[in-house]
Amino acid sequence: MSPEQIVDAAIRNGCRSISYTYTEPTVFFEFANDCAQLAKEKGVRNVFVSNGYTGPAAARLIAPCLDANNIDLKGSDRFYREICGARLEPVRETIRLMKELGVWVEVTTLIIPGLNDSEQTSRPLRNSSSPLILPSPGT
C-alpha cells in the first residue's frame, strides 16, 4: 500500500488517527514519515509507539507531524546494557527532545519480575520529579 492508500483508508473508515506500532516505526521511518505528513495534511492524527531510539535528526523530522509518541522505557541503564545490549541515555534523550518539540509523550514500562522490578530500578520510573519524566506540553 502507498501512503495515500493508507491515509485514504483511515479516512474512509472514520479513523481519527494512525498509530505506527507492532514493528518499531523507525524501521520503516521514511514510509511512516510520508504517511504522517499526508495524514497531518488531511486532518488525521499520528502516533508513534516506539522503543525510543529515534535519534535527534529523525525526531526533529517527524515531530511536526506527530501528535503523540508512546515510548517504552525498559529500565535502568544496567538493564539496557545487560538485557537489551543497548543504553538508556538515548531513550531519555528522545523523551526529552520529543517533549521539547511539542509532541505529547507517554512513557510505558513493562515490568518483568526479577529483571526490572526492584525498588532501585522502578523508583525513577514512577517518580514524577525524575529527570526521566517531564511535564507534558500545556500542563
Side-chain angles (χ1 to χ4, degrees):
M1 290 184 85
S2 69
E4 293 81 9
Q5 290 171 311
I6 289 173
V7 174
D8 289 345
I11 293 168
R12 196 172 49 254
N13 287 287
C15 299
R16 297 184 341 194
S17 64
I18 298 172
S19 182
Y20 306 84
T21 185
Y22 296 109
T23 298
E24 168 60 36
T26 57
V27 170
F28 57 97
F29 182 81
E30 292 83 2
F31 186 76
N33 188 51
D34 290 346
C35 290
Q37 286 180 15
L38 185 58
K40 191 75 163 182
E41 290 171 10
K42 294 191 175 194
V44 178
R45 295 179 181 264
N46 294 288
V47 179
F48 264 20
V49 179
S50 174
N51 63 19
Y53 278 91
T54 306
R60 284 185 175 86
L61 182 63
I62 193 72
C65 297
L66 277 187
D67 296 283
N69 193 349
N70 182 299
I71 297 175
D72 184 18
L73 181 64
K74 299 178 186 330
S76 66
D77 193 59
R78 181 177 179 185
F79 180 89
Y80 271 91
R81 285 191 324 270
E82 293 177 3
I83 304 300
C84 304
R87 298 299 305 251
L88 168 63
E89 192 55 31
V91 178
R92 289 176 61 160
E93 287 303 315
T94 298
I95 291 169
R96 283 191 205 103
L97 181 57
M98 285 290 182
K99 293 180 80 55
E100 286 174 17
L101 295 172
V103 176
W104 181 267
V105 175
E106 293 182 355
V107 178
T108 301
T109 301
L110 174 63
I111 301 299
I112 305 168
L115 291 178
N116 68 348
D117 62 344
S118 71
E119 179 67 22
Q120 180 181 8
T121 298
S122 65
R123 186 181 306 118
L125 302 179
R126 60 177 201 270
N127 180 352
S128 63
S129 65
S130 168
L132 295 175
I133 310 300
L134 303 172
S136 292
T139 60

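Keep in mind the model is a prediction, meaning the values are calculated, not measured.
With contacts defined as side-chain heavy-atom distances shorter than 4.5 Å, the pair K42/I11 qualifies. Residues E93 and L97 have side chains not in contact (no heavy-atom distance under 4.5 Å, counting atoms from C-beta outward). Under the 4.5 Å side-chain criterion, counting only non-hydrogen atoms from C-beta, S50 is in contact with E24. Looking at heavy atoms from C-beta onward, Q37 lies out of side-chain contact with I62 at the 4.5 angstrom threshold.
Among all heavy-atom pairs drawn from M98 and N69, the shortest one is CE-ND2, 3.4 Å. P25 and A32 make their closest contact through O-CB, 4.3 Å (heavy atoms, listed as atom of the first residue, atom of the second, distance). Residues V91 and Y53 share a closest heavy-atom pair of CG2-CE1, 3.5 Å. Here the closest non-hydrogen pair linking S17 and V44 is CA-CG1, 3.8 Å. N46 and Y20 make their closest contact through OD1-OH, 2.8 Å (heavy atoms, listed as atom of the first residue, atom of the second, distance). Of all non-hydrogen atoms in V49 and T21, the two that sit nearest each other are CB-OG1, 3.4 Å.
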- [ ] In sequence, state the C-alpha distance, the side-chain angles, and the governing distance for E89 and R96, and then conclude on salt bridge (Lys or Arg N to Asp or Glu O under 4.0 Å).
- [x] CA-CA 10 Å; E89 192 55 31; R96 283 191 205 103; 3.4 Å; yes

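Between the N116 side chain and the K74 main chain, a donor and an acceptor come within less than 3.5 Å of each other. Side chain of N13 to main chain of A10: no donor-acceptor pair is present (N/O by atom type, distance under 3.5 Å, no hydrogens or angles). The backbone N or O of L73 sits less than 3.5 Å from a side-chain atom of T109, completing a donor-acceptor pair. One N or O on the side chain of D77 and one on the backbone of L88 form a donor-acceptor pair closer than 3.5 Å.
No continuous path of ILVMFWY side-chain contacts below 4.5 Å connects L38 to V47, so the two sit in separate hydrophobic clusters. Cluster membership for F28 and I18, using ILVMFWY side-chain heavy atoms within less than 4.5 angstrom, is shared. The hydrophobic cluster containing F79 also contains L110, counting ILVMFWY residues as joined when their side-chain heavy atoms lie under 4.5 angstrom apart, directly or transitively. Under the 4.5 Å side-chain contact rule for hydrophobic residues, V7 and F29 share a cluster.
The one candidate from I71, L66, V103 that meets the side chain to side chain contact (heavy atoms under 4.5 Å, CB included) condition with F48 is L66.
By the neighbour-count criterion of 12 heavy atoms within 6.0 Å, atom CZ of R81 is densely surrounded, having more than that number from other residues, nucleotides or ligands.
Checked by atom type, the side-chain pair N70/T108 shows a donor-acceptor distance below 3.5 Å.
Separation of atoms CD (Q5) and SG (C35) is listed at 10.0 Å; rounding is to 0.5 Å. Between the SG atom of C65 and the CZ atom of R45 there is a distance of 13.0 Å, given to the nearest 0.5 Å.
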